[in-house]
Every structure is written in C-alpha cells, then in structure tokens.
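Written out below as structure tokens is the structure these notes cover.
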Amino acid sequence: MNIKKLSLAAAISLACAATANAGQNNASVPDYQAQNQWYQDAVQTLKLKQASGSLGAKNVILFVGDGMGISTVTAARILEGQLNELDGEENNLSFDLFPYTGLAKTYNVDAQTPDSAGTATAMMTGVKTDMGVLGVDEDIERGNCSTVAGNELTTALELAELAGKSTGLVSTARITHATPAAAYAKSADRNWEDISDMPADAVAEGCTDIALQLVEFEDNLEQRYPGADVDGIEVVMGGGRRHFLPKDAAYNSSDAVSPVEGDRTDERDLTAEWQANYPNGQYVVDQDGFNAIDANGTERVFGLFNESHMQYEADRANDIAGEPSLSEMTEKAIDVLDNNDKGFFLMVESGRIDHAHHAGNAYGALTEAIELSNAVEAAMEATDPKDTLILVTADHSHVFTIAGYPKRGNPILGKVVTVGSDEPSLASDGLPYTTLGYTNGMGFHDLGDETDSDAVYSESINAGRQDLTEVDTTAPGFHQEALVPLGSETHAGEDVAIYGYGPGAQLISGVNEQNIIFHAMDATAKLNEKARSGH
C-alpha cells in the first residue's frame, strides 16, 4: 500500500471561522449550535493549532471502531501479523501508516467513563453531551421527551445533505444503535430504537423512535430547516431489522431467528414505507441481494442484514442467509455515493469490537478490528487522497490490557512466555497467565472453537484466577480472565487515537476534546459554509 504524506503549505486560516458567520447566507439554518461552549472551544482549538497542509476535501469518511482503544489496536496489529506468519509486532494495520495521529478525550459531560451515544454525538455534532442521549446537547434530561425540543444539534451528515452531498451510514451493529443513530436521530434515550422501547408518556408527548427517524429523515430535516430541499440518505447498511418490522410473524424475513422477528407495536412496516418513499431504491437483506446491487446504476440502498446486530466477522460464515463483510459494505457504499459530483459524507462503524470486549473475548474483538483495517484499506483504494479526508478513531476504549513480559513473537492470544524461555511464566500462585486480560467482566470461559463471542452469556460469571495449564487460550472461544466479576465487561475512560489521511488530516494532531473531530471534518469539507450558502 503506497501512502503519500500530504505536502506542507503555509499556516492556514481555518474554515471553521465560517461558523461565526452562520446564518448570514441562509437564515433558514439556525446558528444556535455555534453558541454552545463545547462548540466554541473546539473552534478555538483548531485556530490555535496553526495547522499546515491543504483543506478542501470533497469527500469525508469517518471510521469508528466502537470500543477500539489503543491496546486493541496494538493487539490487533500483532494478531494480524502473526496470522501472516510474522512475529507480529512489526506489522501495521492500514491506518497505522496514516501520516497524522492525535488523541481524543472521550469523557461525557456527566460521565468520566463514557458511553457510545454521548461520544458519537460529540464526533457528529461538535458538541459534547451527556451519556445515553443522541443528537442533543447537555441541557437534555435523559428519558424526558419534553426536554428534546430546543436542544437538538445539527450533525455532519445533515450538513452534508444540506450542502448537496450524498450521504451514507454503514455499521455491523444495529443501524439504530448509538453510534450510527447519532448521525440522524434526536433522542432523549439511546434505547428508544423502536416504539416498543419507548415509555407511553414519551410517545404521547410526540417523541418518535430512532428507526422511524431514520426512515423519515428527509422530511424531518426539511421541516427543521424551512426552504431546504434534500434527497435523504443514499446508503444505509447494517443490522437491526427487528426495529423496522411489525410484531407479527407474517413479516418475518428469511433468516429470522426469533419466532416473531419484528418488535414494532404500531403495526408499521418501515421497510415498506422506505420503499414507497424511494421507489428507485433497493432494499436488501442478504448476501445475494447485496451482490446484485449495481453501484453505478443504483440511486440508493437500504440494507438490513440481520434481525439484531450483524454477525461477528469470525462467525459470519454461519449466518443463515449470508452477510457482507464490513469491507464489502464500505466499498459498495463508496461506489454508490461517488456518483454525486458534489462529493459525499460516509460514516462507517465497526460496532462489534465493542460487543466482543463486553463479552470478554479478545479473539472476537481483535478479528473485528482487523476487518476494520481491511475496510479502511478498501476506502483508500476506492478514493483519491487529494480530495477525500479519511479519519479513523474510536468512541471509547475498554478495560483491556496487554500485560506480563512476553518475548517478541509470543502468540498475542497465548500465555506469557518470557525472553529466554519456552515455557509459560507462572504467577505467584503457581499458575500461568495470558498476555491479554480484562479488569472486569464475566471472566474465564473455555468455549473452544465457538466463534460467537456472545455465547458466553449463557454461562455463569467466572471471575478470578483459573488454571490455564491445559487450556488453548488462542482458540476463538477462549474468554480471558477478569478480576472484578460483572455481567458484562465495561468501557474504559482513557484517551483514544485519531488517525488522519487526506486533506485536512493534520487538524486532528495533538490531544483533543473528542468533539474536535466534527470540526476537523467541517473545516476541511466546509460543510457549514456550503449548507448555509445553498451549496
């Protein structure tokens, strides 16, 4: 892979300054968001950077490895190398070679260790907010529908729509899950994925569920900004079909795993409504349907490939109807979106890194991270670095560690073997221990060749030290030991990395508040400016 460093130029006056003039060109797009202190601080940080290099990206791609802390990146890099018969440490993931890197502080306004809703909202809007809410600022009260009005934020995807660009969302999680939902939803609770998840008073007060907001995105955006004329999100691919279908077995898909696949209690089939709204669009549910998409001739795609989250990459071959990989979806999304001469905005989430970590299964998490690297490489090959900004980051990390003193090339999933030895090291309790481990969670489970990380949830919590002498810790179904017993491993609060490639990538260098990511995208692609000036 040949990655060129961006040429250096004189220090620039950052395009985010356009935010200060918001509303001068198009009064229908309000500028209240620019008054938020989180927003203003991020703008000032960008100005102070005196960053060098060119701005002016036509396209923006944001990759989010959900839960992909730095220890996950390191371990995935080593595992990929070892799978390719290297020692591992010298290997590079695709984004390791990006010319610019920085760090993001991930805390939520009200939480030291964050969740994905607050962090994704920060990245998508430029404003930090509370845990558990989507597309709204910190004045929200979680779970209180009445506090949504007046606290809504504008996302990078919405600005791209207003600027006339094509837009897309890809995720291996449910497309209504926190990270992708932050691109389009305004919700007092991330868990309101469909109407059956909402309290009756919220429905009565007029709040709508996240799935419905996705299908009605075009109308909602035009209502929020009178005079705007947008054409809706062109590419949506992920899981979460249950939130779009009625609670009626008659609507089950071919690969439904539940007796009744749909969850909606309002009798609405949102997949049919989407097809009625976009008769030239293609709704697909499996690998065959995905493969049949003609990207050059397709106006838009709505792909819901699983009832809930898509399969883990390690388990994907076991899917009933077949599912595309993250890299396949990324490549297809770009092929559809790049039909627009004005460019595109695409957010891609590797959602199941997070889920495998919650299950305490390093094999699953690292396999997902390697596939994210493949997707990033696919995006690089499908775009021009002169006009496309690619950012790779995480919303938060996990309590996942690389420990002991293993020698160079020791299997990253193996037991610790030190320099000069061929036998596993023993702890003071006389037992061997693994290089990778978790601070908390369900603890050790030996599930052998099981590739579904979530299979552990049918087991009991088994935290604490175990005798691993005869256990193959490199097997897909091995779940690492954990110290603190919990029903699910937790997020961690340390900084995560941001990797940048293409015009404007230099803006993410240094230690940043997480919301700087929005501002770097905005400054580079002039999303605010173009949205407010009518393109």
Side-chain angles (χ1 to χ4, degrees), residues 38 42 62-76 93 95 101-135 138 142 155 171-174 177-183 189-191 309 347-362 364-366 368-369 372-373 391-402 436-441 453 482 484 486-499 508 511-518 520:
W38 293 107
L62 174 63
F63 285 93
V64 180
D66 196 319
M68 189 178 71
I70 292 177
S71 58
T72 301
V73 173
T74 302
L93 299 174
F95 49 86
T101 57
L103 294 173
K105 296 188 282 185
T106 63
Y107 66 94
N108 295 143
V109 171
D110 60 348
Q112 190 173 76
T113 297
D115 90 318
S116 296
T119 52
T121 297
M123 290 187 282
M124 290 302 300
T125 68
V127 173
K128 283 212 171 197
T129 191
D130 291 344
M131 175 182 282
V133 301
L134 293 166
E138 64 196 270
R142 183 174 183 180
T155 72
S171 178
T172 51
R174 295 191 296 271
H177 214 234
T179 303
D189 198 307
R190 60 173 287 177
N191 295 323
H309 303 301
M347 195 279 284
V348 179
E349 183 204 20
S350 177
R352 308 226 67 191
I353 298 171
D354 176 74
H355 301 158
H357 275 321
H358 280 307
N361 179 223
L366 302 185
E368 294 293 316
L372 173 62
S373 174
L391 298 179
V392 181
T393 190
D395 46 359
H396 54 74
S397 64
H398 277 263
V399 293
F400 174 66
T401 60
I402 306 173
L436 303 180
Y438 293 94
T439 302
N440 57 42
S453 299
V484 178
L486 291 176
S488 176
E489 180 266 3
T490 71
H491 298 171
E494 70 267 15
D495 299 352
V496 298
I498 319 169
Y499 307 84
I508 53 87
V511 179
N512 306 282
E513 293 289 354
Q514 190 169 41
N515 52 308
I516 208 79
I517 291 170
F518 166 89

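Under the side-chain hydrogen bond (donor to acceptor under 3.5 Å, both in side chains) criterion, His398 pairs with Asp354, Glu489, not counting sequence neighbours. With sequence neighbours left out, the salt bridge (Lys or Arg N to Asp or Glu O under 4.0 Å) criterion links Asp495 to no other residue. Under the side-chain contact (heavy atoms from CB on, under 4.5 Å) criterion, Thr74 pairs with Ile70, Arg77, Ile78, Ile402, not counting sequence neighbours. Qualifying side-chain hydrogen bond (donor to acceptor under 3.5 Å, both in side chains) partners for Ser488, counting only residues two or more places apart in sequence or in other chains: His358. For Ala104, the side-chain contact (heavy atoms from CB on, under 4.5 Å) partners are Val496, Ile498, Gln514, not counting sequence neighbours. The side-chain hydrogen bond (donor to acceptor under 3.5 Å, both in side chains) check on Arg174 picks up Glu193, His243, Ser308, His309, with sequence neighbours excluded. In this structure, the side-chain contact (heavy atoms from CB on, under 4.5 Å) partners of Ala359, at least two apart in sequence or on a different chain, are Ser453, Asp454, Val456, Tyr457, His479. Listed by chain and residue number, Glu349 satisfy the side-chain hydrogen bond (donor to acceptor under 3.5 Å, both in side chains) test with Ser171 (two or more places apart in sequence, or in another chain). Considering only residues two or more places apart in sequence or on other chains, Ala492 meets the side-chain contact (heavy atoms from CB on, under 4.5 Å) condition with Ser397, Val399, Glu494.
Between Ala482 and Gly441 the shortest heavy-atom distance is CB-N, 3.9 Å. Taking every heavy atom of both residues into account, Ala76 and Ala369 meet most closely at CB-CB, 3.7 Å. Of all heavy-atom pairs between Gly493 and Thr106, the closest is O-OG1, 3.8 Å. Between Met68 and Thr393, the closest heavy-atom pair is CE-O, 3.9 Å.
Each salt bridge (charged side-chain N to carboxylate O under 4.0 Å, His left out) pair with one or both residues in residues 109-120, not counting sequence neighbours, appears once here: Asp115-Arg190. Sorted by first and then second residue, the side chain to side chain donor-acceptor pair (under 3.5 Å) pairs involving residues 117-135 (not counting sequence neighbours) are Lys128-Glu513. Pairs of residues two or more places apart, or lying in two chains, that qualify as side chain to side chain donor-acceptor pair (under 3.5 Å) and include a residue from residues 63-72 are Asp66-Ser116, Asp66-Thr179, Asp66-His396, Thr72-His357.
With contacts defined as side-chain heavy-atom distances shorter than 4.5 Å, the pair Phe400/Leu436 qualifies. Lys105 is listed as a side-chain neighbour of Val511, based on a closest heavy-atom distance under 4.5 Å. Residues Phe95 and Thr101 are not in side-chain contact: their nearest non-hydrogen atoms beyond the backbone lie 4.5 Å or more apart. In this structure, Leu391 and Ile517 have side chains that are in contact, with non-hydrogen atoms separated by less than 4.5 Å. With a 4.5 Å cut-off on side-chain heavy atoms, Ser350 and Phe63 do not count as touching.
Distance check, rounded to the nearest 0.5 Å: OG1 of Thr172 to CD1 of Ile353 gives 7.5 Å. For the atom pair CG (Asp395) and CE (Met123), the distance works out to 5.0 Å, reported to the nearest 0.5 Å.
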Quiz prompt | Check against side-chain contact (heavy atoms from CB on, under 4.5 Å), Thr155 and Phe518 | solution = CA-CA 8 Å; Thr155 72; Phe518 166 89; over 6 Å; no

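With hydrogens and angles disregarded, no donor-acceptor distance shorter than 3.5 Å links the side chain of Asn515 to the backbone of Ala122.
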